[in-house]
Novice: 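One structure follows; several queries about it will come next.
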Amino acid sequence: MAGSARRARITEAALAVFAARGYHASAMEEIATSAGVTRSVLYDHFPSKRVLLITVLQEQNALLVAHVGARITGSGSPGHRLRATLDAYFSFAEDRPEARCLLFDRTDEDDPEIKAVRWGIREARTRAVAAMLARDLSRLGLDPGALITEAVVELLITGTDGLAQWWMRHPEVPRADLVEAAMRVLWSGLSQLPAEPGEPAGK
């Protein structure tokens, strides 16, 4: 087996083990066995469990950003692209639940280096999405380069992942229904709610 193929088998095995057990409860021996390699071969590719986890986090985040980013920057109206983006995120969560879990749920490593990498990945992901949304954000009156705009993008990312987590507990709900419900709030917005008696419209 070529070295690149062996490395890919190791990272896929590590993804499954880390997502299932968490960093501290995962053992390199278990990962090696799952990947079908010896411990010495595993250590030839990754000198430590920390390096292996960081590699997996970076690779899976890159896959997520590429998968969702293709819809953000795709063709069509803003509404069409938003719907496609939501569907893309939920499809990623459905097809790669271990990756979603490791990126967003398994964050209890209590390791300064891993924490720093996680924050770096998160901030880079937010900035990347903000850059891809720059045109739409500008149309909303938000400066794509402003710090507060990053907060808005973070709200979109964490809110969408919150829906994905809810969906994991309610898998009987069709993905199309989840997308439609999110669209009603994100696209139509709460501004469409009728005013309360005595309240000016639009408040």
Novice: Can you list everything that forms a side chain to side chain contact (heavy atoms under 4.5 Å, CB included) with Ser48? Sequence neighbours excluded, please.
Specialist: Arg50, Val51
Novice: Applying side chain to side chain donor-acceptor pair (under 3.5 Å), can you list everything that pairs with Asp44, at least two apart in sequence or on another chain?
Specialist: none
Novice: Filter on salt bridge (charged side-chain N to carboxylate O under 4.0 Å, His left out), then keep only pairs touching residues 121-130, sequence neighbours left out; what's left?
Specialist: Arg122-Glu154
Novice: Taking all atoms of both residues into account, what is the closest heavy-atom pair of Gly76 and His80, and its distance?
Specialist: CA-CD2, 4.1 Å
Novice: Does a side-chain heavy-atom distance below 4.5 Å link Arg100 with Gln165?
Specialist: yes
Novice: Within the structure provided, determine whether Val37 and Arg9 are in side-chain contact (heavy-atom separation under 4.5 Å).
Specialist: no
Novice: Grab the two heavy atoms, one from Ala19 and one from Leu102, that are nearest each other, plus how far apart they are.
Specialist: N-CD1, 4.3 Å
Novice: State, yes or no, whether a side-chain contact exists between Arg106 and Tyr23 at a heavy-atom distance under 4.5 Å.
Specialist: no
Novice: When rounded to the nearest 0.5 angstrom, what is the spacing between CG in Leu42 and CE in Met28?
Specialist: 4.0 Å
Novice: Please round to the nearest 0.5 Å and tell me the distance separating atom CD1 of Ile114 and atom CH2 of Trp119.
Specialist: 15.5 Å
Novice: Can you check whether Leu86 reaches Leu186 side chain to side chain, under 4.5 Å on heavy atoms?
Specialist: yes
Novice: Applying salt bridge (charged side-chain N to carboxylate O under 4.0 Å, His left out) as the test, list every pair that has at least one member in residues 61-71; sequence neighbours left out.
Specialist: none
Novice: If you look at every heavy atom in Ala16 and Glu98, which pair is closest and at what distance?
Specialist: CB-OE2, 3.6 Å
Novice: How close do Thr126 and Glu150 get, heavy atom to heavy atom, and via which atoms?
Specialist: CG2-O, 3.5 Å
Novice: Could you give the distance from OG (Ser91) to CZ (Arg96), rounded to the nearest 0.5 Å?
Specialist: 11.5 Å
Novice: Mind checking side chain to side chain contact (heavy atoms under 4.5 Å, CB included) for Ala14 and listing every partner two or more places apart, or none if nothing turns up?
Specialist: Phe18, Ile31, Leu52, Val56
Novice: When you compare the side chain of Thr158 with that of Phe104, does any pair of heavy atoms fall below 4.5 Å?
Specialist: no
Novice: If the condition is side chain to side chain contact (heavy atoms under 4.5 Å, CB included), which residues does Thr107 pass it with, not counting sequence neighbours?
Specialist: Arg118
Novice: Taking only residues two or more places apart in sequence or in another chain, which ones pass side chain to side chain donor-acceptor pair (under 3.5 Å) with Gln58?
Specialist: none
Novice: Let me check something: do Met168 and Tyr89 share a hydrophobic cluster, defined by ILVMFWY side-chain heavy atoms less than 4.5 Å apart, either directly or through other members?
Specialist: no
Novice: Considering only distance and modelled atom types, tabulate donor-acceptor pairs under 3.5 Å from the side chains of residues 137-149, sequence neighbours left out.
Specialist:
unit_1	atom_1	unit_2	atom_2	d
Ser138	OG	Ala134	O	3.0
Asp143	OD1	Gly145	N	3.0
Thr149	OG1	Asp143	O	2.6

Novice: Tell me the ring-ring contact (aromatic ring centres under 6.0 Å, His included) pairs involving residues 145-177, sequence neighbours left out?
Specialist: Trp166-His170
Novice: Is any side-chain heavy atom of Thr11 less than 4.5 Å from a side-chain heavy atom of His45?
Specialist: no
Novice: Leu57 and side-chain contact (heavy atoms from CB on, under 4.5 Å): which single residue from Asn61, Thr55, Leu53 fits?
Specialist: Leu53
Novice: Just verifying a value: how many Å separate Lys49 NZ and Glu109 CD, rounded to the nearest 0.5 Å?
Specialist: 10.0 Å
Novice: Just jot down the side chain to side chain contact (heavy atoms under 4.5 Å, CB included) partners of Asp110, sequence neighbours excluded, or say none.
Specialist: His24, Lys115
Novice: Where does the angle between the aromatic ring planes of His67 and Phe92 fall among parallel (under 30°), tilted (30 to 60°) and perpendicular (over 60°)?
Specialist: tilted
Novice: Provide the full list of salt bridge (charged side-chain N to carboxylate O under 4.0 Å, His left out) pairs with a residue in residues 51-65, sequence neighbours left out, each pair given once.
Specialist: Arg7-Glu59
Novice: What salt bridge (charged side-chain N to carboxylate O under 4.0 Å, His left out) pairs are there with at least one residue in residues 25-41, not counting sequence neighbours?
Specialist: Arg21-Glu30
Novice: How many angstroms lie between CG in Leu103 and CG in Leu64, if you round to the nearest 0.5 Å?
Specialist: 6.5 Å
Novice: Enter the distance from Asp87:CG to Glu180:CD here, rounded to the nearest 0.5 Å.
Specialist: 11.5 Å
Novice: Locate the shortest heavy-atom distance separating Gln60 from Ala99; write the atom from each residue and the value.
Specialist: OE1-CB, 3.3 Å
